[in-house]
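Contents: one structure, followed by commentary.
The chains referred to below are lettered A, B, ... by the order of the sequence lines, with proteins before strands, and numbering in each begins at 1.
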Protein chains: 2
Amino acid sequence: MTSDPGLRQRKKMRTRQALIEGALRLFAEKGYDQTTVAEIAATADVATRTFFSYFDSKDDIVFFDDRSRLERAVEIIGERQPGEPVTDLLRRVIDQSVFADTDSELARKVGPARTRLIASVPALQARELHLLFDIQLQLTEALHLACPELDLVEAAAAVGSLVGAIKVVVAACQKRGNRPEQTYKAVQRATDIAIDGLNSLPRPA
Amino acid sequence: MTSDPGLRQRKKMRTRQALIEGALRLFAEKGYDQTTVAEIAATADVATRTFFSYFDSKDDIVFFDDRSRLERAVEIIGERQPGEPVTDLLRRVIDQSVFADTDSELARKVGPARTRLIASVPALQARELHLLFDIQLQLTEALHLACPELDLVEAAAAVGSLVGAIKVVVAACQKRGNRPEQTYKAVQRATDIAIDGLNSLPRPA
DNA sequence: ATGCATTTTTGCATTCAATGACGTTTTGCA
DNA sequence: TGCAAAACGTCATTGAATGCAAAAATGCAT
């Protein structure tokens, strides 16, 4: 599989990588809107037209590793131990596919810069939310498959509730300018609230 | 305030309404991508440029009533009875701002057609998700304000968990082609799961 | 190595969303 | 009636995205 990528494949990989690195560098230097696709293509020494055979849109290049993250998550769900509680399983999924730096060192390299970039460009926020939404639908299917005791609605509610709580909490933290340390704590709290339910929230005085 | 809209205001309203109706009609007739902004502007007898002084983008016109829905929700949260449990409050919010047909009869008129339209156009899905996300942040603030017993993280988690569960469940239902009747039931189930927590889900056999 | 099939790249033309500058018309108000 | 502001229109520009057909690179078998 990886033993013989072939010259063609290797070259494609290199071009792809060059496009990603060039794009993120330009975005950081001049800003997202000020960077044209033509300029990105130039950094990888390919024609503008060629960019669009690697990525469907200018947005897409920012989320180059989403697919592998999803595959990782689906894998984890598929390896569920029979009898393992759904909540334990989902905690593992969150930990390993969201927080763990994924395979490519590229992802690690661009991590924080990318986060800031997305937060500052509405078009990228929109793209991210859309991707995350599709991911949730696929996680729902995987979960329903791996947990026969859950019907489709229950699986969807579980995924949506957990991911939704985390997503909004992270956004609220970023908006307030929290340190990553605090944000991590907040994510754990959000996870607990989703798992224990809104009934577990503090009662009015 | 509404007593004297003034000629100018009335004319703006009429133009705005004409643009909305024209756009939705064209989208239904020829499809979203096949409809140009120029054509939409033509149906309201204004210049293409003028369209963009009413709506920031072509997407935006589809979600013309989102703002009023949000305002409704924030209002409900603001009217919270002291001591009322957060869960009761949020159930009211869901009922009245999501399911109730909002003020304008326009919204009622285009309802189902619009839902189908959004579901079939990725660009609109993305826009909807982004808008819904912003709405959640504002609901979070409102909830935090109305419920002093909740810190910001708890408020965010509550909103995200509830809205997230419903959103994914609705999508899963639509994907499977469920009848509105079943979808409504599913939303109630999703609400219960978010409120009672993932721990309330069925256990493995 | 040579020829052939397939994949990839590329340049070109085109469409259309979106934005800016600037002048003109319409409306509200004194 | 006349002034200021808001709304509207015209024109031009930019840049994303797509289709198409030619050219180049690569894989493969002989």
Pairwise side-chain contact, A:Val121 with A:Val62, heavy-atom cut-off 4.5 Å (strictly under) |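 Contact flag for A:Val121/A:Val62 side chains = no.
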
Picking from C:dT9, D:dA16, C:dG11, which would you name as closest to the side chain of A:Thr50?
->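 Out of C:dT9, D:dA16, C:dG11, the nucleotide with an atom closest to A:Thr50's side chain is C:dT9.
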
Just compare C:dT10, D:dG9, D:dA16 and give me whichever is closest to any side-chain atom of A:Thr36.
->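 Of C:dT10, D:dG9, D:dA16, D:dA16 is nearest to the side chain of A:Thr36.
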
Just how far, in rounded Å, is [atom2] of [N] from [atom1] of [X]?
X	N	atom1	atom2	value
B:Gln34	C:dC16	CD	P	10 Å
A:Arg49	D:dA16	CZ	C1'	11 Å
B:Lys12	C:dG28	NZ	P	12 Å
B:Phe27	C:dA17	CZ	C1'	12 Å
B:Phe52	D:dT13	CZ	C1'	14 Å
A:Gln9	C:dT9	CD	P	10 Å
B:Arg14	D:dC8	CZ	C1'	15 Å
B:Met13	D:dA7	CE	P	13 Å

Salt bridge present between [X] and [Y] (N-O < 4.0 angstrom):
X	Y	value
A:Asp196	A:Arg189	no
B:Glu29	B:Arg25	yes
A:Glu141	B:Lys175	yes

Contact class for B:Thr35 (heavy atom, under 4.0 Å): base, sugar-phosphate, or nothing?
->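 Sugar-phosphate contact only.
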
What is the pairing partner of C:dT27, taking Watson-Crick or G-U wobble pairs with both distances under 3.5 Å in any strand?
->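 Its partner is D:dA4 (Watson-Crick or G-U wobble, both distances under 3.5 Å).
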
Does B:Gln34 CD have over 12 foreign heavy atoms under 6.0 Å away?
->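 Buried by this count: over 12 neighbours within 6.0 Å.
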
Would you indicate whether B:Lys185, at its atom NZ, is surrounded by more than 12 heavy atoms from other residues, nucleotides or ligands within a distance under 6.0 Å?
->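 No.
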
Identify, residue by residue, the members of residues 53-63 of chain B with a heavy atom below 4.0 Å from DNA chain C, and return them in order of residue number, or none.
->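 Heavy-atom cutoff 4.0 Å gives B:Asp56, B:Ser57, B:Lys58.
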
List in chain and number order the residues that pass side-chain hydrogen bond (donor to acceptor under 3.5 Å, both in side chains) with A:Gln136, two or more places apart in sequence or in another chain; answer none if no residue qualifies.
->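 With sequence neighbours excluded, A:Gln136 shows a side-chain hydrogen bond (donor to acceptor under 3.5 Å, both in side chains) to no residue whatsoever.
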
